[in-house]
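Each remark here refers to the structure printed beneath this line.
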Amino acid sequence: MDQNIGKLIATLEANGELDNTLIMFVADNGACAEGGQLGGGNKELLGTREGYFLSYGQSWANVSNTPFRKYKHWVHEGGISSPLIMHWPSKMAAAAKGRLTDQYGFFQDIMATCVEAAELAIRKNLRSIL
C-alpha cells in the first residue's frame, strides 16, 4: 500500500493535480479477534483457499487497536472507530489543514461528500441510475 499510495501521490504531484485532488483514506474499524485468546488457523495455509480462517486472536487484536480498548464485536472505541484521512488542499479551510478533529463521521457521509465534491445532484429515485 505504501508504495502504491506513494506512486499515486508522485503522479498527481508531477501532473500538478495533487492540491486539486480529493483523497480519502479510511482504515478498518478495529482488529478481528476470532480464534480465541491466541488466535486460530495454521500459518502454512496463508494464501490458500483453506486459509480463510487465520486470526491472531483477542490478545493481539486488543493490542493492535491501541490506544483504543477492545476490538470488533464490541462497542468500545477499538471496535467502532475508523480513522479517516482527507487531503484536498485547494478546497479545505486553512484552519483545517494538518489538524486532527474528533468529529463523528459515518460511511454514508462519504457518498454525499463525493457527490457534493463532483458538483452533482442526486436523483430522487436512485433505481433509475442503477
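Keep in mind that the numbers below use all heavy atoms, side chains included, and drop hydrogens, waters and symmetry copies.
- The closest side-chain heavy-atom distance from Ile110 to Val26 is below 4.5 Å.
- A heavy-atom distance below 4.5 Å is found between the side chains of Met1 and Phe25.
- Between atom CE of residue Met86 and atom NZ of residue Lys97 there is a gap of 13.5 Å, rounded to the nearest 0.5 Å.
- In this structure, the side chains of Leu12 and Ile23 come closer than 4.5 Å at one or more pairs of heavy atoms.
- Within the model, atoms CD of Glu34 and CD of Gln58 stand 9.0 Å from one another, a figure rounded to the nearest 0.5 Å.
- Leu45 has its side chain within reach of Asn42: a pair of non-hydrogen atoms, C-beta onward, lies under 4.5 Å apart.
- When all heavy atoms of Gly35 and Ser55 are compared, the pair lying nearest together is N-OG, 4.4 Å.
- Few gaps surround CH2 on Trp88; more than 12 heavy atoms of other groups in view lie less than 6.0 Å from it.
- Interatomic distance, NZ of Lys7 versus CD1 of Ile9, reported as 13.5 Å (0.5 Å rounding).
- A donor-acceptor pair under 3.5 Å links the side-chain atoms of Ser90 to the main chain of Asp19, judged by distance alone.
- Two residues are said to be in side-chain contact when any heavy atoms from C-beta on lie closer than 4.5 Å; Met24 and Leu84 meet this criterion.
- Side-chain heavy atoms closer than 4.5 Å link hydrophobic residues (I, L, V, M, F, W, Y) into clusters, and following such links, even through other members, never connects Met92 to Ile85.
- For the pair Leu38 and Ser59, the tightest heavy-atom approach, listed with the atom from each and the gap, is CD2-OG, 4.2 Å.
- Note that NE2 of His87 and OG1 of Thr21 are 8.0 Å apart. Values are rounded to the nearest 0.5 Å.
- Other residues, nucleotides and ligands contribute over 12 non-hydrogen atoms within 6.0 Å of the CD atom of Glu44.
- Leu22 and Leu18 end up in different hydrophobic clusters when Ile, Leu, Val, Met, Phe, Trp and Tyr side chains are linked at under 4.5 Å.
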